[in-house]
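Here is the structure we will look at, set down as structure tokens.
Only a predicted model underlies this, so the values are computations on that prediction, with no experimental measurement involved.
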Amino acid sequence: RAIQAQARRPIESEPSKAPTGDPDAIEADRQARIKVARDECNAKLQVFNALHGVVMIEGRACIVYREINAGTGRHTTRYSTPKDIALRYKPTKVPIVKENANGKVTTEQASLFSIWLEWQERRTYSQLVFKPIPRIVAGDVTLPDGDVLNLYQGLAITPKPGRCELIKAHIQNVWCSGDPALYQYVMDWLARLFQRPQERGHTVLVLRSGEGTGKNTKGKACREDRKK
């Protein structure tokens, strides 16, 4: 949407028709037209570059981008081939300035994606990692800067103060059968998932009971909070 908005936005500083007679005025107009075209091209490249990058996966070059799933509202990292991305953005053009031997300046429309592929500032990642970072909440679909793309995008929800006495009572009375020491251990175990996501857990909670007693109540809540 941001790229389409850039494409539709008018060029506010576009000069009038080229003047005649005065060489200085002609040259000033020529430079102004060049600047307008280059500024528009650069603006579109900057927007596209913020949302797309090149990464090698199993020896193959892929285009990586992020989007918000329309069904779940969650951030998702996607990978596509350059050919498919080129097809998707084929209608999106940018102005390219060309100047002949006589100094005549012309502007041609070129494929945004093709120009971006050869752009020196193109976003390129050397590798992918999954490295959870504490206190990170998923933001927009802009890709991060740097040479390495971290696939961890953060928590699906923003933590906020509040009361959760009902679920705590469920854990204490149903999961832990009212055992205070066991309840404290379980609460600490759950807290670590969110407070120190970069640490790998060494234990697993095992819940045993008949069907319909509420074993999955908190588990579902944790999956929804952490899923990203």
Taking side chain as C-beta onward, heavy atoms only, is [X] less than 4.5 Å from [Y]?
X	Y	value
P197	L193	no
C62	M56	no
Y79	I63	no
P144	L149	yes
T92	F113	no
K44	K93	no
R33	T107	no
L128	V55	yes

Results of ring pair (Phe, Tyr, Trp, His ring centres under 6.0 Å) for Y65 - residues two or more places apart only: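 Y65 satisfies ring pair (Phe, Tyr, Trp, His ring centres under 6.0 Å) with H52 once adjacent residues are dropped.
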Identify, with sequence neighbours excluded, every residue that meets ring pair (Phe, Tyr, Trp, His ring centres under 6.0 Å) alongside Y125.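 Y125 satisfies ring pair (Phe, Tyr, Trp, His ring centres under 6.0 Å) with no residue once adjacent residues are dropped.
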For the [atom1] atom of [X] and the [atom2] atom of [Y], what is their distance to the nearest 0.5 Å?
X	Y	atom1	atom2	value
W189	I171	CH2	CD1	10.5 Å
I96	C41	CD1	SG	4.0 Å
Y89	L112	OH	CG	8.5 Å
R66	H75	CZ	NE2	8.5 Å
L190	Y185	CG	OH	10.5 Å
H170	E165	NE2	CD	15.0 Å

With a 6.0 Å cut-off (strictly less than), is the heavy-atom count around CD of Q198, excluding the residue itself, greater than 12? yes
Let me see the working for Q195 and R135 under side-chain contact (heavy atoms from CB on, under 4.5 Å), right down to the final yes or no. CA-CA 7 Å; Q195 296 175 1; R135 297 179 297 278; over 6 Å; no
Answer yes or no: is there a donor N or O on one side and an acceptor on the other, between the side chain of [X] and the main chain of [Y], under 3.5 Å?
X	Y	result
N173	A169	yes
N150	P132	no
R74	N69	no
T76	I68	no

Contacts of type salt bridge (charged side-chain N to carboxylate O under 4.0 Å, His left out), residue [X], not counting sequence neighbours:
X	result
K35	D39
R123	D145
R196	E199

Check step by step if side chain to side chain donor-acceptor pair (under 3.5 Å) holds for N49 and W119. CA-CA 10 Å; N49 196 57; W119 193 38; over 6 Å; no
Are T77 and V64 close enough, and set up right, to give a side-chain contact (heavy atoms from CB on, under 4.5 Å), and what steps lead you there? CA-CA 7 Å; T77 300; V64 59; 3.7 Å; yes
Under a single-linkage definition using a 4.5 Å side-chain heavy-atom cutoff for Ile, Leu, Val, Met, Phe, Trp and Tyr, are Y152 and V148 assigned to the same hydrophobic cluster?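 Per the 4.5 Å side-chain linkage, Y152 and V148 are not co-clustered.
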Would you kindly confirm whether I57 and F130 end up in one hydrophobic cluster when ILVMFWY residues are joined by side chain heavy atoms under 4.5 Å apart? yes
Minimal non-hydrogen separation, [X] against [Y], with atom names:
X	Y	value
P82	A61	CD-O, 3.6 Å
R192	G201	NH2-CA, 3.5 Å
G53	L143	N-CD1, 3.5 Å

Show the atom names and distances, to 0.1 Å, of all donor-acceptor pairs under 3.5 Å that link a side chain in residues 176-184 to residues at least two apart or in another chain.
unit_1 : atom_1 : unit_2 : atom_2 : d
D179   : OD1    : A181   : N      : 3.0
D179   : OD1    : L182   : N      : 3.2
Q184   : NE2    : D188   : OD1    : 3.0

Stepwise side-chain contact (heavy atoms from CB on, under 4.5 Å) test for V129 and L151: CA-CA 6 Å; V129 298; L151 296 180; over 6 Å; no
Would E40 and V94 count as a side-chain contact (heavy atoms from CB on, under 4.5 Å) here? Give the steps. CA-CA 7 Å; E40 180 186 349; V94 291; over 6 Å; no
